[in-house]
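Here the structure comes first, spelled out in structure tokens, and everything after it is commentary.
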Amino acid sequence: MNKNDLVGVVADKATITKAQAAEAVDAVFEAITASLKGGEEVRLVGFGTFAVSQRKASTGRNPATGAEIQIPASNQAKFKPGKGLKDAIN
């Protein structure tokens, strides 16, 4: 499923236009992104939790040359599914 498919499903389930559904989906994505950027986690009970995890700097290798390279520290978005989602897919 891609974003357009999701918008179509939301439009059908909520009996709204696809344009309205697209705005709603975009608003949800923007709210989650803004919260994660602000260092907050987003907990959707029964669905799951979005959080930011800090990844430490490390040393890697260039596969083409074998030379060592430094990989800088970075922030990674993580998702942990909730019990309701786990139960639904099992």
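Predicted model, so just to flag it, every value in this text is computed and none were measured.
Taking CD of Glu41 as the start and CG of Leu44 as the end, the distance is 10.5 Å to the nearest 0.5 Å. Phe29 CZ to Leu6 CG: the interatomic distance, rounded to the nearest 0.5 Å, is 5.5 Å.
A side chain to side chain contact (heavy atoms under 4.5 Å, CB included) with Asn75 holds for exactly one of Lys37, Arg55, Gln54; it is Gln54.
Taking every heavy atom of both residues into account, Leu36 and Val52 meet most closely at O-CG2, 3.4 Å. Nearest heavy atoms, Val7 versus Ala21: O-CB, 3.5 Å. Between Pro81 and Leu85, the shortest heavy-atom contact is CB-CD2, 3.8 Å.
The backbone N or O of Ala67 sits nowhere less than 3.5 Å from a side-chain atom of Arg61 that would complete a donor-acceptor pair.
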Might you work through the side-chain contact (heavy atoms from CB on, under 4.5 Å) test for Lys3 and Asp26, ending with a clear yes or no?
CA-CA 9 Å; Lys3 184 177 173 184; Asp26 287 340; 2.4 Å; yes
Evaluation steps, side chain to side chain donor-acceptor pair (under 3.5 Å), between Gln20 and Thr17:
CA-CA 5 Å; Gln20 291 170 322; Thr17 67; 3.3 Å; yes
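Met1 places a side-chain heavy atom less than 4.5 Å from the side chain of Val9.
The hydrophobic cluster containing Val45 does not contain Phe50, counting ILVMFWY residues as joined when their side-chain heavy atoms lie under 4.5 angstrom apart, directly or transitively. Val25 and Ile16 are assigned to two separate hydrophobic clusters, defined by single-linkage of ILVMFWY side chains at heavy-atom distances under 4.5 Å.
Few gaps surround CD on Gln76; more than 12 heavy atoms of other groups in view lie less than 6.0 Å from it.
For the residue pair Gln70 and Thr59, a side-chain donor N or O sits within less than 3.5 Å of a side-chain acceptor on the partner.
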